[in-house]
Amino acid sequence: MNRSRKLLAGALLALVTPMVAAEDTLQPKVVVTASRVAQTVDSILADVSIITRDAIDASVSRDLLEVLRLQAGVDVARTGGPGGQTSVFLRGTNNNHVLVLVDGIRVAALGTGAFTWETLPLDTIERIEIVRGPRASYWGSDAIGGVVQIFTRALDGPRLSLGYGTHGDLNANAGYGMRADGGGFSVQAGSRDYEGFPSQNENGFAFEAKDHGLENQHLTARGDIRLGAQTFSGTLLRSEGTAEFSGGESDFVQQAVGVALEGSLGDRWHHRLSAGSAGEDYATPAFTTAYASRRDTIAWQNDVRLSERQRLVVGIDHVDEDGENRDTFSDTTVYGEQRGNTGLYIGWHAGFGASDSELALRHDDNSIFGSTTTGSAAFGWRFSDLVRAYASHGEGFRGPTLNEQFSPGFGGLFAGNPDLQPETSRSSEIGLEFVPIDGQRIKTNLYSTRVRNLISFSGVDFQAVNVARARIRGAELDYSGSFADWLATATLTWQDPRNEDTDSALLRRPKQKFTGSIERRFADSIRVGAELVHGGRRDDVGGIELASYTVLNLRGSWSPSPDWRIAARLENITDRDHELAYGYNTPGRTGFIEVIWAPR
C-alpha cells in the first residue's frame, strides 16, 4: 500500500473507531438461524451478523459479493465480473463448507456441493443472517464454517426501480406487497443486463479480448395467512439467465420454493411443519455439459419451553436428492444418482443466574455414506449488562458431492469414489462482547478448527480419496453502530488456514483483512457514506502469490420527496488494479445510479 492509501485507510479508521455502535441500531433483535428457533442477538452463544434490507439499500450495491465482503471472517473470490464463478470462504474453510439456506431451504448444487452465489440477485434479498462456527448439530451436513441464511424480500406497497452503470449495467425491478391483520403477500420481478468486461487478463489460461457479461431475470414471491393459532406461509425464488466467460457461456436456472404451517400447539409448545424444494440447472454448451440438481425436504420442528429460561428444540427432517450430469454433445447421461438423508436433532437451552448454556445433538442417516452423529456445547457468562463472554465447542461434517462419488472422470482420471466418507471437523471458540455505553458495541472472537478426511483427488489415477487434513486458527475484532447522525462499522480479521499435510496456506484466503464503513445522515433525505476493504497477500493455484489490495467505495442517496429516492455508488475510486483469482480481472473505477419509487 503506498503512502496515500495508508493515509486514506488511517483517516477512515480514525473516524470509525470512536463511533462504535449498538447492535440494536443496525440489526433486528431476533435471529432464527443459529439454533433454528427465534433468539435475541444478545442471547445467542455464537458469533452472528445480520445484514438488513436497510443496510443493503444504503450500500447502493448491485452485487451480493460487495455486501458479504464487508463482514468479519468472510473472504470472497470471483473469476471476473458479475456472473463469474464466485467462492465464499467463511472463517477460512472451503467454499462448500458453508451451508447456504434460502428461506430455510438448502440451495447448494449437488454436483459441487457449493452455492452458485453469482446467480442470486441482491434485489431479491430482505435480510441475511451469518452464523459463524459449526452448526451441524442443528442443520447437518455442510455447516463446518457456518451458515448463511438468506430471506427473500417482503414488500409493503408498490416499488419500482431503474438503474444504470459502467460496463452497460442496466437494472430494473417492479413489485407490490400488502399486509393486513390476517396475513399478506409480496411479489417482485426484475431484470439485469450487464455487458461486462474481459473476465481474464493475459495471465489467464483462456484469455480473449472481448467483454463477458450477464443476463438475469428473477422473481420472488411470498405470502402468509392466519388460520386460528396457526400461520400458513409460502415463498418462491426463481433466477435464470446467461453468464459469459472466456471461451463460452453458461445458462442457469435456480429455484427454491417452500411452504410451512407453524404456530402454537399449547401454552409452551410451538411447532413448524415445512416442505421445500430447490433446483439448479446449469448448462455450458462449450464444454458439452449440463448439470441438474433437485432436492426435496420435509421437516417438523418443535420448540417446548420447560420454564422461563429453559427450552427444548426437537426436530426431524428428511431430504431426497437427485442429480444428473449429461453430455449434451452425445445426449447421454454421464451419471444420474439419487440419495436420501434423514436427520434427528435435539437442543437444550438453559439459563441460570448470570449464565447461559446450550447442548445440541444430531444423528444423520444417509443412504450412501451411512450414519454420522455430531454434537455441540456452549456456555456463556454475563458479567454485567455491558459485558458477556462465551465459549463453545462443536463438530461438523460435509457429505461427499455427487461428482466426488460418481463422476467417471476424464478417461478414468480424477474419477469419483462411491466409498468416500464425510469430511469431519472439530471447532472451538471464545467470544467476548462489550457495550461500553448505550449505542456502542465491540465484539472479539478467537477460534480454532481442524478438518479431517478432506476429500482429495490423489488416489490411484487421481481418484477421490479421504486423505487430506486442514487446521485453521483465527481472530476477529468487530465494531459496529451509531453516534448522533453517523453510522459506522469496522472489522479486523486474522486467520491462518493451512493444509496440514503440505504445511501450505489454503488458497485465496488472506491472513489479514480489514473492512470499514462510515455513513452520515442529513435529516431524512440525504445519506452519504464510504467503504474500505483491505485484503492481504494470499496464495493461488500453481504457487502464485496474489498481492494485497485496498479498495475504496463511495455511496449516497437523496430523497427529494417521501416517495422517491435517487441513489449512486462509486466503486474502486482509486482505480486499484488487483486480482481476487490469478489471471482474472476485477472492475476498475465504476459507477452506478438508480432511481426508486416506493410510496410509504
Side-chain angles (χ1 to χ4, degrees), residues 31-49 73 90-93 97-101 104 106 129-149 299 301-304 306 309-317 341 343-352 355-366 371-381 388-399 422-433 445-453 470-474 476:
V31 182
V32 299
T33 305
S35 57
R36 302 186 70 145
V37 294
Q39 289 179 275
T40 58
V41 170
D42 59 358
S43 67
I44 296 172
L45 301 177
D47 187 12
V48 177
S49 296
L90 186 54
R91 283 193 167 174
T93 59
H97 288 166
V98 181
L99 174 61
V100 183
L101 307 168
R106 289 175 173 263
E129 295 181 1
I130 302 173
V131 184
R132 299 168 183 82
R135 295 281 108 185
S137 54
Y138 283 108
W139 293 101
S141 179
D142 303 342
I144 290 178
V147 181
V148 176
Q149 179 155 202
Q301 180 174 301
N302 298 270
D303 178 12
V304 180
L306 304 177
R309 295 186 62 189
Q310 287 195 68
R311 69 200 297 184
L312 281 179
V313 180
V314 183
I316 180 173
D317 52 50
N341 191 96
L344 296 166
Y345 59 91
I346 181 170
W348 175 64
H349 303 250
F352 304 96
S355 69
D356 292 289
S357 58
E358 178 182 356
L359 296 173
L361 186 69
R362 179 180 171 110
H363 181 78
D364 285 273
D365 186 18
N366 190 279
S371 299
T372 305
T373 300
T374 51
S376 64
F379 178 81
W381 186 271
R388 78 170 183 131
Y390 59 86
S392 66
H393 181 81
E395 299 171 319
F397 76 97
R398 180 186 75 85
E423 300 177 344
T424 61
S425 72
R426 291 186 177 183
S427 300
S428 299
E429 177 178 3
I430 298 174
L432 178 67
E433 298 182 3
N445 296 82
L446 303 174
Y447 61 89
S448 175
T449 297
R450 303 192 75 166
V451 188
R452 294 290 183 267
N453 286 335
R471 180 159 190 169
I472 306 164
R473 296 185 179 95
E476 299 159 354

Student: Evaluate the side-chain proximity of Val148 to Leu101: yes if any heavy-atom separation is below 4.5 Å, no if none is.
Tutor: no
Student: Is the CD1 atom of Ile430 crowded by more than 12 outside heavy atoms at less than 6.0 Å?
Tutor: no
Student: Going by heavy atoms in the side chains, are Gln301 and Ile316 under 4.5 Å from each other?
Tutor: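 No, their side chains stay 4.5 Å or more apart.
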Student: Is the CZ atom of Arg473 crowded by more than 12 outside heavy atoms at less than 6.0 Å?
Tutor: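 12 or below, so no.
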Student: Taking the six-membered ring of Tyr447, is the NZ or CZ of Arg91 close enough (under 6.0 Å from the centre) and on axis enough (within 45°)?
Tutor: yes
Student: Mind listing the closest non-hydrogen atom pair of Phe352 and Ala350 along with its distance?
Tutor: CE1-CB, 3.5 Å
Student: Asp364 pairs by side-chain hydrogen bond (donor to acceptor under 3.5 Å, both in side chains) with which of Asn341, Thr373, Thr372?
Tutor: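 With Asp364 as partner, side-chain hydrogen bond (donor to acceptor under 3.5 Å, both in side chains) holds for just one option, Asn341.
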Student: Please examine the side chains of Arg311 and Asp303, heavy atoms only from C-beta on, and report whether any two atoms are closer than 4.5 Å.
Tutor: yes
Student: When you check the side-chain N and O atoms of Thr33 and Glu129, is any donor under 3.5 Å from an acceptor?
Tutor: yes
Student: Can you tell me if Arg471 has over 12 outside heavy atoms packed within less than 6.0 Å of its CZ?
Tutor: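 Yes, enclosed.
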Student: Are Thr374 and Arg426 close enough that some pair of their side-chain heavy atoms sits under 4.5 Å apart?
Tutor: no
Student: Just checking, any donor-acceptor pair under 3.5 angstrom between side chains of Glu423 and His97?
Tutor: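 Side chains of Glu423 and His97: pair found under 3.5 Å.
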Student: Any heavy-atom pair between the side chains of His393 and Glu429 that's under 4.5 Å?
Tutor: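 No, every pair of side-chain atoms sits at 4.5 Å or beyond.
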Student: Kindly say whether Gly146 contributes a backbone atom to a donor-acceptor pair with the side chain of Arg135 at under 3.5 angstrom?
Tutor: no
Student: Are the side chains of Asp142 and Val98 in contact, using a 4.5 Å heavy-atom criterion?
Tutor: no
Student: Is there side-chain contact between Arg362 and Ile346, with at least one heavy-atom pair below 4.5 Å?
Tutor: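 In short, these two side chains do not touch, never coming nearer than 4.5 Å.
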Student: Is it true that Arg388 and Asp42 have a side-chain N and a carboxylate O under 4.0 angstrom from each other?
Tutor: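 Answer for the salt bridge query: no.
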Student: Can you name the closest pair of heavy atoms from Tyr138 and Gly347 and give their distance?
Tutor: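 Heavy atoms only, the tightest pair is OH-CA, 3.7 Å.
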Student: I need the minimum non-hydrogen distance between Val147 and Ala143, along with the two atoms involved.
Tutor: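 That closest heavy-atom pairing would be CG2-CB, 3.8 Å.
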Student: For the residue pair Trp381 and Ser355, what are the closest heavy atoms and their distance?
Tutor: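 Looking at all heavy atoms of both residues, the closest pair is CE3-CB, 3.7 Å.
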Student: Nearest heavy-atom pair of Thr93 and Gly145: which atoms, and what distance?
Tutor: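 So the minimum-distance heavy-atom pair works out to OG1-CA, 3.5 Å.
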Student: Can any side-chain N or O of His363 pair as donor or acceptor with the backbone N or O of Ser371 at less than 3.5 Å?
Tutor: no
Student: Kindly compute the distance separating CG (Leu312) from CG (Asn302), expressed to the nearest 0.5 Å.
Tutor: 10.5 Å
Student: For the NE2 atom of His349 and the CG atom of Leu359, what is their distance to the nearest 0.5 Å?
Tutor: 9.5 Å
Student: With no hydrogens and no angle check, is any side-chain donor or acceptor of Ser425 less than 3.5 Å from a backbone partner on Ile144?
Tutor: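 Not a single qualifying donor-acceptor pair exists.
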Student: Check whether Glu395 reaches the backbone of Gly375 with its side chain - one donor and one acceptor, N or O, closer than 3.5 Å.
Tutor: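 Yes; judged by distance alone, with no hydrogens or angles, the pair exists.
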Student: Please report the closest heavy-atom contact between Gly73 and Glu476, naming both atoms and the distance.
Tutor: CA-OE2, 3.5 Å
Student: So Ser357 and Trp348, do their side chains get closer than 4.5 Å, heavy atoms only?
Tutor: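 Trp348 vs Ser357: side chains touch.
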Student: Between Arg36 and Trp139, is NZ or CZ placed under 6.0 angstrom from the six-membered ring centre and within 45° of the ring axis?
Tutor: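 Checked: cation-pi criterion met.
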Student: Kindly determine whether Ser392 and Glu358 satisfy side-chain contact (heavy atoms from CB on, under 4.5 Å), including the steps that lead there.
Tutor: CA-CA 9 Å; Ser392 66; Glu358 178 182 356; over 6 Å; no
Student: Would you kindly say whether Arg106 and Ser141 are connected by a side-chain donor-acceptor distance under 3.5 Å?
Tutor: no
Student: Between Asp47 and Tyr390, do the side chains contain an N or O donor and an N or O acceptor separated by less than 3.5 Å?
Tutor: no
Student: Could you tell me whether the side chain of Arg398 and the main chain of Thr424 form a donor-acceptor pair under 3.5 Å?
Tutor: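 Flag not set: sc Arg398 to bb Thr424 has no pair under 3.5 Å.
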